[in-house]
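Read the structure below first, then the notes.
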Amino acid sequence: MRYKIPFNKPNLAGKELSYIKKTVELGKISGDGYFTRKCQEFIEEKFKAKKCFLTTSCTHALEMSAILIDLKPGDEVIAPSYTFVSTANAFVLRGAVPVFVDIDPLTLNIDHSKIEEKITSKTKAIFVVHYAGVGCDMDKITKIARKYNLFVVEDAAQAVNSRYKGRFLGTIGDFGAFSFHETKNYNCGEGGAILINNKKFTDRAEIVREKGTDRNKFFRGEVDKYTWVDTGSSYLPSDMLAAYLYAQFENLNKIQKIRKNIFGYYYKNFKSLEKSGRLKLPFDSDSRESSYHMFYIILPNEKLRDKLMNALKEKDILAIFHYTPLHLSKMGKTYGYKKGDLPVTENISGRLLRLPFYNSLTKKEMDYVIYWVRKLINK
Ligand SMILES: *Cc1c(COP(=O)(O)O)cnc(C)c1O
């Protein structure tokens, strides 16, 4: 089903196709080629990350983090339930148990004031998610982590080029994970990156990412052959994908500006609906400079949300909602969670609606969406 105004649309920012061609001409289309290095250097310089490795996805960057901090069966990891499944699966794959914490109704990020009560002697890490590109309160979270000696992993899938008090998200915890999936701000179809902010993990990260071998040391001439030295998998993307991604990075400021304008235009035009109590607008604050990954509205209840979503479909506009809270999913329930455990998460997930948002979204298209949202909501 194609919509006149789809929810998302990938678009070329500049030299993607000629850069892909260049990888073929350079004779190296596997991982860790010319453009992979360019992307990694870009992330390290622009976002001031100590070390970055491109990965095949954000999911894989999160999995790598779980391997690097040596999570074992029975360890507990604190995370929001209001998130994409990969945030939890990354550590569940290692046998760790998710301990879900409710969200703050203002930012929809993990509510830091509810973290401490969930910490036990088995707690090993906190996986936070910067929802919609707005940073969690990292000062508070870092303080709790220090107090209880926990690792912090930032799922910054939606927060590439977002800041918290001036620092880029993904560079504050022990690890940060970026997504370059087609639906994200800067993309290459499928892709991600792990940011390593705790230097002691860099060497091992290189090995885990290369199937558990010291192949990179071999390429640098540091060992005369490479072998199996650790657990690991294949987490490096083709250089063709990195080529596509680098072309997007070259347009980082332009894309940021476009997204900020889209967000601002929706915001401005829905302000009066918020004032009259018909909906709630997303969090926006200069102290947590966002990547403007998405624009959502929060309706008074689930029935109105679903009604609006379906009515928009009839007008050829695809608006969608997420997430089914992880604690109420089939898997979540196997850990003993039930309805009522996380009231804010359950309440918000039934009322949130995401509007079409992509870099090539025109003012005319936005006007069409705004017109119908206003009209349908006032019915
Ligand atoms: C998109 C997303 C992911 C997964 O990213 P992939 O690159 O597709 O693996 C993980 N967490 C959050 C919060 C996301 O939005």
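Each residue takes its place number in the sequence, starting with 1. First listed ligand is number 1; within each ligand, the first listed atom is number 1.
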Side-chain donor-acceptor distances from residues 4-11 under 3.5 Å, at least two apart:
| residue | atom | partner | partner atom | Å |
| --- | --- | --- | --- | --- |
| Asn8 | ND2 | Glu182 | O | 3.4 |

N or O contacts of ligand 1 with protein under 3.5 Å, please list pair by pair.
| residue | atom | partner | partner atom | Å |
| --- | --- | --- | --- | --- |
| ligand 1 | 5 (O) | Ser179 | OG | 3.3 |
| ligand 1 | 7 (O) | Cys58 | N | 2.9 |
| ligand 1 | 7 (O) | Ser179 | OG | 2.7 |
| ligand 1 | 9 (O) | Cys58 | N | 3.3 |
| ligand 1 | 9 (O) | Thr59 | N | 2.8 |
| ligand 1 | 9 (O) | Thr59 | OG1 | 2.5 |
| ligand 1 | 11 (N) | Asp155 | OD1 | 3.3 |
| ligand 1 | 11 (N) | Asp155 | OD2 | 2.7 |
| ligand 1 | 15 (O) | Gln158 | NE2 | 2.8 |
| ligand 1 | 15 (O) | Lys184 | NZ | 3.2 |

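For the salt bridge (Lys or Arg N to Asp or Glu O under 4.0 Å) with Asp139, the lone residue among Arg167, Lys165, Arg288 that qualifies is Lys165. Considering Tyr368, Tyr266, Phe295 as possible partners of Pro356, the one that fulfils the side chain to side chain contact (heavy atoms under 4.5 Å, CB included) test is Tyr266.
Counting heavy atoms from C-beta outward, Glu63 and Thr59 have side chains that approach closer than 4.5 Å.
Using bins of under 30°, 30° to 60° and over 60° for the plane-to-plane angle, the ring pair Phe178/Phe47 lands in the perpendicular bin. In this pair, Phe175 and Phe201 present their aromatic rings tilted. The plane angle is within the 30 to 60° band.
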